[in-house]
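Notes follow once the structure below has been shown.
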Amino acid sequence: MQAIHITHPDWLNELLATRATPLPDPEAQMALVLTLAETNVRQRSGGPFGAAVFTRADGHLLGAGVNRVTASHCSLAHAEMLALASAQQRLGDDDLGRACRGGCVLVSSAEPCAMCMGAIPWSGVEALYCGARDSDVRAIGFDEGDKPVDWVARYAQRGIAVTRDLLRPRAIAVLAAYVASGGVRYGPATASG
């Protein structure tokens, strides 16, 4: 049986090794995530997306990820999915809410696509901070899938607080840099048409 193997780019662990200080401020957390996305674009190691999981109480970094879809030949390799998996494996629990006293927050350079939107409640995070909007991501040619219009309210019903537009102009600039670099846009709509 073949194993699934998705790796972080070499630069990711090197960059994170220099950032051991907790980041309790949401803007500082988003700034780190956008640095990951910017570096992913600049290094041409994946798509223009970054994400990280932090402890909600004090901002300790538990896991991070960048988009590795084309690099890994795996449609599941979205930044959010890799950040959640990294944190879960680090803590040894598939439920971050259970594993982390005080809860966890997922910080993403953009609002989640349909796939990531489904995974987030199962992960056990209690908050989600987003940079770019869904419309910003679609505007550069990515298909974000079918998502409910009232997704923020639905997350709230599940106990997940959503903060949108955190450092949005910088997040949009990462998307623009990806397009300018000739980055590949992919997804169901781009594959068929």
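Nothing here was measured: the structure is a model prediction, and the numbers come from that model. For this chain, numbers begin at 1 and follow the sequence in order.
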Notebook entry, point to check: What residue pairs, at least two apart or across chains, pass ring-ring contact (aromatic ring centres under 6.0 Å, His included) with a residue in residues 10-53?
Noted result: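 Non-adjacent pairs meeting ring-ring contact (aromatic ring centres under 6.0 Å, His included): F49-F142.
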Next item on the list: Please check if atom CG in D146 has more than 12 non-hydrogen atoms from other residues, nucleotides or ligands closer than 6.0 Å.
Entry: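 Counting other residues, nucleotides and ligands, CG of D146 stays at 12 neighbours or fewer.
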Please find the pair of heavy atoms, one from [X] and one from [Y], that lie closest to each other, and give the distance.
{"X": "N67", "Y": "A79", "value": "N-CB, 3.7 Å"}
{"X": "L175", "Y": "A132", "value": "CD1-CB, 3.9 Å"}
{"X": "A64", "Y": "L16", "value": "CB-CD1, 3.6 Å"}
{"X": "L61", "Y": "A52", "value": "CD1-CB, 3.7 Å"}
{"X": "G118", "Y": "P121", "value": "O-CD, 3.5 Å"}
{"X": "A83", "Y": "G65", "value": "CB-N, 3.7 Å"}

Item checked: Non-neighbouring partners of R154 that pass side-chain contact (heavy atoms from CB on, under 4.5 Å), sequence neighbours left out ->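 With sequence neighbours excluded, R154 shows a side-chain contact (heavy atoms from CB on, under 4.5 Å) to P148, D150, Q157, given in chain and number order.
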Next item on the list: Kindly write out the residues that satisfy side-chain contact (heavy atoms from CB on, under 4.5 Å) with N13, not counting sequence neighbours, or none if the list is empty.
Entry: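 N13 satisfies side-chain contact (heavy atoms from CB on, under 4.5 Å) with no other residue.
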Applying salt bridge (Lys or Arg N to Asp or Glu O under 4.0 Å), can you list everything that pairs with [X], at least two apart in sequence or on another chain?
{"X": "R90", "value": "none"}
{"X": "D134", "value": "R138, K147"}
{"X": "E126", "value": "R56"}
{"X": "R98", "value": "D93, D94"}

Within-4.5 Å side-chain heavy-atom neighbours: [X] and [Y]:
{"X": "D136", "Y": "E111", "result": "no"}
{"X": "H78", "Y": "C113", "result": "yes"}
{"X": "R68", "Y": "C74", "result": "no"}
{"X": "V66", "Y": "L82", "result": "no"}

Is there a donor-acceptor contact under 3.5 Å from the side chain of [X] to the main chain of [Y]?
{"X": "S108", "Y": "E80", "result": "no"}
{"X": "N40", "Y": "G50", "result": "no"}
{"X": "Y178", "Y": "V184", "result": "yes"}

Notebook entry, point to check: How many angstroms lie between CG in L32 and CE in M30, if you round to the nearest 0.5 Å?
Noted result: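 It comes to 10.5 Å.
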Checklist line | Point-to-point distance, once rounded to the nearest 0.5 Å, from CG of L36 to OG of S45 | finding: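 Separation between the atoms: 10.0 Å.
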Checklist line | CA sep, side-chain torsions, deciding dist, call: I140, I172, side-chain contact (heavy atoms from CB on, under 4.5 Å) | finding: CA-CA 10 Å; I140 68 160; I172 292 170; over 6 Å; no
Next item on the list: Please identify each residue that fulfils side chain to side chain donor-acceptor pair (under 3.5 Å) with D165, with sequence neighbours left out.
Entry: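 Result, side chain to side chain donor-acceptor pair (under 3.5 Å) vs D165: R133.
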Next item on the list: Can you sort out the partners of Q29 under side chain to side chain donor-acceptor pair (under 3.5 Å), two or more places apart, ordered by chain and number?
Entry: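 In terms of side chain to side chain donor-acceptor pair (under 3.5 Å), with neighbours along the sequence ignored, Q29 is linked to no residue.
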Checklist line | Cluster link V69 to V41, ILVMFWY, side chain under 4.5 Å | finding: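 Same hydrophobic cluster.
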Notebook entry, point to check: Which other residues belong to the hydrophobic cluster containing M81, where Ile, Leu, Val, Met, Phe, Trp and Tyr are joined when side-chain heavy atoms lie under 4.5 Å apart, directly or via other members?
Noted result: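 Traced through the cluster, M81 reaches L76, M115.
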Notebook entry, point to check: Under a single-linkage rule joining Ile, Leu, Val, Met, Phe, Trp and Tyr whose side-chain heavy atoms are separated by less than 4.5 Å, which residues share a cluster with L106?
Noted result: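 When side chains under 4.5 Å apart are linked, the cluster holding L106 also contains V53, L62, L84, L91, L96, M117, I120, V125, L128, W151, V152, Y155, I160, V162.
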Checklist line | Qualifying salt bridge (Lys or Arg N to Asp or Glu O under 4.0 Å) pairs, either residue in residues 25-54, two or more places apart | finding: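 Listed by first then second residue: E38-R170.
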